[in-house]
Amino acid sequence: MKRTHQCGLLRSEHVDQEVTLCGWVNSYRDHGNLVFVDLRDRSGLVQIVFDPEYNSQSHLQSRTLRCEWVITCRGRVRPRGQGLENPKLPTGQIEVIVDWMELLNTAKTPPFDTDTAAQVNEELRLSYRYIDLRRRSMQDRLRVRHRTAKITRDYFDEQGFWEIETPMLGKSTPEGARDFLVPSRLYKGMFYALPQSPQLFKQILMVSGCERYFQIVRCFRDEDPRADRQAEFTQIDVEMSFVDAEDVMTVNERLIARIFKEILDVDVSLPILRMTYAQAMDEYGIDRPDLRFEMKLKDLSDIAKASAFKVFTSVVEKGGVVKGLCAPGGAKFSRSDIEKTLTDFVADFGAKGLSWFKIEPNQSGQGLELKSNLAKFFTPAQQQEILARFHAGPDDLILMVADTREAANKALAPLRVRLGKELGLVREGEYRFTWVVDFPLFEWNENEKRFDSLHHPFTSPVPEDLGKLDSDPAHIRSQAYDLVVNGSEIGGGSIRIHDPKVQAKVFDLLKITQKQAQERFGFFLRALEYGAPPHGGIAFGLDRLVMLLTKTENIRDVIAFPKTQRGQCLLTEAPSEVDASQLEELNLRVQKHLHQVEKEREL
RNA sequence: GGGGCCGUAGCUCAAUUGGUUAGAGCAUCGGACUGUCGAUCCGAAGGUUGAGGGUUCGAGCCCCUUCGGCCUCGCCA
């Protein structure tokens, strides 16, 4: 059964060679005498021919074949006759005339056809993942994922990084996402947590003198999934000593450029654009702007404040803003498109309303004017100011949200993306990268009356803002950076705090007491006291990166064995109940059992 | 925890206002066929309409409950 060639790689140059192939029957066409089979292996398809006059025994065998049966065969490569080539197949110039075959395995009729599987109910595809993964498009994505990991390992190796594994069974820290817990058998009543990321371990590796670390590592966050998010996902995790933010960005943008070049043949021009967080929020309302189209947000608060429209004036007086965008050609939307569809859309993101103006030539035909139920509240001069601010043209549509700055941005950012796609403004096929830098170190948590870390509690402030730790914590910038492409955050990191005194101060502002800090990360704070070098790093979401590289919208498409939105694996049916004896060993009772116990007590 | 969409044959879908025996294409099974390549032609088989309950003379369709899938808000340091 020694395989000599892969099906999909046979070409005219192999004509007259004797080949032995292995694979699955992709399809068969039985003409009674001549039988054609498209044989498939990982490399692709090739047509093999069974001719009773060439070899009667294998021809007889071939007539019993069915789709997805597994065979091996030997035959001679020959050119197809004139007019018989199949231009749809890379192997379509040739075929293999078979003189011997062996059936390696039969197969049940698959629950769905591999060639139409893309349209099949995903639930079924997940239950029979091994069949779904036989498809070309699925294998292509697995291959891109492999290639990306391989390029990453080669690149970091060349740059002097070591791939070092960190524990999967770790210590639970209540900050951040919900942990997945693993009960300890040897320490009854105690739990490990699966890592949300190897954050503290990689920093400790810097204290250990490893200087340059990376890891392609599985991470776990027990939060509700989304199209681009799974509880279990993979990071390209990086940490470096004796570096500043620029050093980290430079090393890592070169990796990204190499990946895009090798996988997509896309040239990423270096250095990648740097944009401040403040600019991103002002112009795009979000810290991960899609730069494939313009339609920037504008602040109209000054004009709105002077208008006669009460909703606007009162919002601005209360410290809010009126922000908006100008959708080119958006005047074609009907009033119900705007007041129903788009207003409902922004309402999902918390906006209380959506105000609008259509731009039309004025009656004299000399200039432009605003048309809407709001226009009467704005003087002609104010209207011209609004037009000028947006550089608005005829048939444009201005949409505005009046609210707190945060709320207005939160509604306008997704609205901008939606309109960009709907109006065809997004330059598809382009990859627009930017680093977003100068994030605030903290954001104020109104409910808890304290600051929260925007990034994480180990992120270093920029040196010149260190003084504000006491005086003005809300305006401290951090040495954090996110890499954004086409509105998707594919990585983020920071320079870390290596001074225990600064770290203590930050915990203080986060209202983490010394006692709590010692309990949760005492091991790490102690490490910082033993000669921690200045260090920083970054982590990329491998899944999202591969989604971009394969142009898929769904994270399940780039994971071999993904979970459903409720965290189930439909192939293995995990999670599942466990034996009572397993629980016993772990000194655990599940609530169902507790209820049972309580009931018995009552009786 | 909230909102939205969906569930009919193995698969993809149809089924008039609530009305006869729930149909079609593909797949499957049987037969025919020497150049097909999404083969073709003839024939057959295939259904607890996700599940449970209700309204009705009558439910795939209306109502309630429930299970599952997807998208999303919250959540994701």
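Residue numbers start from 1 in every chain, and the chains themselves are labelled A, B, ... in the order their sequence lines are given, proteins ahead of strands.
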With rounding to whole Å, what would you report as the distance between [N] and [M] at their [atom1] atoms?
N: A44(B); M: G4(B); atom1: C1'; answer: 43 Å
N: U34(B); M: C41(B); atom1: C1'; answer: 16 Å
N: A24(B); M: C62(B); atom1: C1'; answer: 27 Å
N: C26(B); M: C63(B); atom1: C1'; answer: 36 Å
N: G68(B); M: A51(B); atom1: P; answer: 15 Å
N: A9(B); M: A15(B); atom1: P; answer: 15 Å
N: G25(B); M: C42(B); atom1: P; answer: 11 Å
N: C70(B); M: A32(B); atom1: P; answer: 46 Å

Scan [X] against the nucleic acid and name what it touches under 4.0 Å (heavy atoms): base, sugar-phosphate only, or nothing.
X: Glu85(A); value: base
X: Asp115(A); value: nothing
X: Leu124(A); value: sugar-phosphate
X: Arg78(A); value: base
X: Gln565(A); value: base
X: Pro457(A); value: base
X: Arg226(A); value: base
X: Gln196(A); value: nothing
X: Asn86(A); value: base

[X] side chain: which of [options] is closest?
X: Phe349(A); options: U12(B), C29(B), C73(B); value: C73(B)
X: Arg229(A); options: G10(B), G74(B), U28(B); value: G74(B)
X: Ala227(A); options: C37(B), C75(B), U72(B); value: U72(B)
X: Glu122(A); options: C26(B), C70(B), U72(B); value: C70(B)
X: Glu53(A); options: C70(B), U34(B), A77(B); value: U34(B)
X: Asn554(A); options: C70(B), U28(B), U12(B); value: C70(B)
X: Arg556(A); options: A27(B), C70(B), C29(B); value: C70(B)
X: Thr564(A); options: U28(B), U36(B), C70(B); value: C70(B)

Short N-O contact, [X] and [Y], less than 4.0 angstrom:
X: Glu428(A); Y: Lys421(A); value: no
X: Arg226(A); Y: Asp224(A); value: no
X: Glu422(A); Y: Arg418(A); value: yes

So, is [X] close to the [N] phosphate, meaning a side-chain N or O under 4.0 Å from OP1 or OP2?
X: Asn33(A); N: U34(B); result: yes
X: Arg566(A); N: G68(B); result: yes
X: Lys88(A); N: G38(B); result: yes

Distance criterion of 3.5 Å, no angle test: do you see the side chain of [X] paired donor-to-acceptor with the base of [N]?
X: Arg29(A); N: G38(B); result: no
X: Arg63(A); N: G30(B); result: no
X: Arg221(A); N: C76(B); result: no
X: Glu95(A); N: G35(B); result: yes
X: Asn121(A); N: G7(B); result: no

Non-hydrogen side-chain atoms of Leu419(A) and Leu342(A) separated by less than 4.5 Å = yes
Looking at side-chain heavy atoms only, is the closest gap between Gln503(A) and Leu525(A) below 4.5 Å?
-> yes
Grab the CG-P distance between Leu454(A) and A77(B) for me, whole Å please.
-> 11 Å
Whole-Å gap separating C1' (C75(B)) and NZ (Lys410(A)) = 10 Å
Pair partner, [N] [Watson-Crick or wobble, under 3.5 Å]:
N: G38(B); answer: none
N: C13(B); answer: G23(B)
N: G43(B); answer: C29(B)

Answer yes or no for this row: Phe112(A) ring on C11(B) base, centroids under 5.5 Å, planes under 30°.
-> no
Using the rule for Phe, Tyr, His and the six-membered ring of Trp, do His31(A) and G35(B) stack at under 5.5 Å and under 30°?
-> no
Between Glu239(A) and Ile538(A), which heavy-atom pair has the shortest distance, and what is it?
-> OE1-N, 4.4 Å
Pro195(A) to Arg218(A) - nearest heavy-atom pair and separation = CG-O, 4.2 Å
Anything under 30° is parallel, anything over 60° is perpendicular, the rest tilted; go ahead and classify Tyr128(A) against Tyr130(A).
-> perpendicular
